[in-house]
Amino acid sequence: MPHARRFWLSAIATAAIALPTLAFAQAKGEIRIAHVYSKTGPLEAYGKQTATGFMMGLDYATGGTMSVAGKKLVVIEKDDQGKPDVGKSLLAAAYGDDKADIAVGPTSSGVALALLPVAEEYKKILLVEPAVADSITGDKWNKYIFRTGRNSSQDAISNAVALDKKDTVIATLAQDYAFGRDGVKAFKDAIKTAKIVHEEYLPTNTTDFTAGAQRLIDKLKDQPGRKVIFVIWAGAGNPFKIADLDLKRYGIEIATGGNILPAMAAYKNFPGMEGATYYYFGIPKNPVNEWLVANHYKQFKNPPDFFTAGGMSAAIAVVEALKKTAGDTNTDKLIKTMEGMSFETPKGKMTFRAQDHQAMQSMYHFKIKVDPAFAWGVPELVREIKPEEMAVPIRNKR
């Protein structure tokens, strides 16, 4: 279905250009949105979900018309392949050659950091979804950057709610790039009671976790109290293989945040594992999520995933902002409109914080339950952690 819709949207774009200028002046007749994401590359699974969710979100937010204030929405897709230099040139081409009014993406934090200066150079909004690194709305931020995706601090603070207990000793395992390092830094900042004794960083493409796991075990095995390895990992590689080294013998537990459903198949081996997640289709109870779940099942015969919800949230944010400006794509007007703006998403209400344009949003403390009906470990809600409960730091020195 999204493929059909994508074809339909590109057909609109072609038709718009083919029509006589007077009848259909592009500036008046269209709003052009560039979506730069990992269509291929290590985070391809995430990127595809975001793209599906984004198209479904535009459909939902425009009531199926794919237009706002009489202007057709045209989506221009760009594949950054997970490479910062590729993403950078694609975004410049989107703003410059394709005359995109606004851009959304990318998937990888490394790519996002390369895109931020491009948005500033072209003075156009980049709505970041789903790249997570704190620095995106932190020290590398500029006023053209908004983010519907959660940031490392939101991940960290919500996971700290689940793990930050007395007599708990934690070691972290993360990928050695912006997502992993920002994630661990934010997690350390959020931990007030437990003790962090070791940080293990491994290359993003690691498949053999033996050496890293051994270092983690050596740091934890003789510690008193509850011993936890907290995993921050994205994309390929299965860090849960560290459990094969018989962690139970040393009384070591694994904890992690939520993930896409295929990655959560590994969670079935850890019933009772606690953490916090950005989204799981069975958790939020609201009309937007009900629509997403029902329509996703209808189109794809399976539930929406982690990044599908994010893509939908980004689309709703774009449409809500454009409705408020009556289709005016003037960047300064959009920035003024979006600062402090609240909008309803599959996760409930999100609000763009005026100071750094980070979307304040709920996170979900879960415990894993094994249910034979599902191929993955099911995150059962312990409790919703509301935005006002999380003191998410403002890191952009604005």
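Just so it is clear, the values below take in all heavy atoms, side chains as well, and ignore hydrogens, waters and symmetry mates.
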Rounded to the nearest 0.5 Å, how far does [atom2] of [Y] lie from [atom1] of [X]?
X	Y	atom1	atom2	result
Leu126	Ile145	CG	CD1	4.5 Å
Asp222	Ile217	CG	CD1	11.5 Å
His296	Thr52	NE2	OG1	6.0 Å
Ile394	Ser153	CD1	OG	11.0 Å
Ser313	Tyr278	OG	OH	4.5 Å
Ser135	Arg395	OG	CZ	9.5 Å

### Message
Pair Phe343, Phe352 - check ring pair (Phe, Tyr, Trp, His ring centres under 6.0 Å), show working.
### Response
CA-CA 9 Å; Phe343 47 102; Phe352 285 127; 5.0 Å; yes
Using 4.0 Å as the upper bound for N to carboxylate O, is an ion pair formed by [Y] and [X]?
X	Y	answer
Asp164	Lys192	no
Lys185	Asp189	yes
Asp176	Arg181	yes
Glu30	Lys99	no
Lys188	Glu199	yes

Using a 6.0 Å cut-off, check whether atom [atom1] of [X] has over 12 heavy atoms from anything other than its own residue.
X	atom1	value
Lys349	NZ	no
Lys323	NZ	yes
Lys221	NZ	yes

### Query
Any side-chain donor-acceptor pair under 3.5 Å between Asp356 and Thr137?
no
### Query
Judged by modelled atom types alone, do Glu129 and Tyr37 share a side-chain donor-acceptor pair under 3.5 Å?
no
### Task
Go through Tyr177 and Leu113 one step at a time and tell me if the side-chain contact (heavy atoms from CB on, under 4.5 Å) criterion holds.
CA-CA 11 Å; Tyr177 78 117; Leu113 292 170; over 6 Å; no
### Task
Could you please spell out the steps behind the side-chain contact (heavy atoms from CB on, under 4.5 Å) verdict for Asn289 and Tyr279?
CA-CA 10 Å; Asn289 194 46; Tyr279 176 81; 2.5 Å; yes
Quick one: do [X] and [Y] end up in the same hydrophobic cluster if we chain Ile, Leu, Val, Met, Phe, Trp and Tyr together by side-chain heavy atoms under 4.5 Å apart?
X	Y	result
Val86	Tyr46	no
Met350	Trp291	yes
Leu90	Val118	no

### Query
With sequence neighbours excluded, what pairs up with Asp182 under the salt bridge (charged side-chain N to carboxylate O under 4.0 Å, His left out) test?
none
Residues 242-252, side-chain donor-acceptor partners within the protein, below 3.5 Å, at least two apart:
unit_1: Asp246; atom_1: OD2; unit_2: Arg249; atom_2: NE; d: 3.3

### Query
Hey, do the aromatic rings of Phe366 and Tyr280 have their centres closer than 6.0 Å?
no
### Query
So His357 and Phe146, would you call those rings parallel, tilted or perpendicular, with 30° and 60° as cut-offs?
parallel
### Message
By the definition side chain to side chain contact (heavy atoms under 4.5 Å, CB included), identify the one residue from Thr107, Asp80, Thr50, Thr204 that meets it with Leu43.
### Response
Thr107
### Task
Walk me through it: do Ile33 and Val104 pass the test side-chain contact (heavy atoms from CB on, under 4.5 Å)?
CA-CA 7 Å; Ile33 305 163; Val104 175; 4.1 Å; yes
### Task
Start with the C-alpha gap between Ile335 and Tyr144, add the side-chain angles, then the distance that decides, and say whether side-chain contact (heavy atoms from CB on, under 4.5 Å) holds.
CA-CA 7 Å; Ile335 291 171; Tyr144 301 99; 3.8 Å; yes
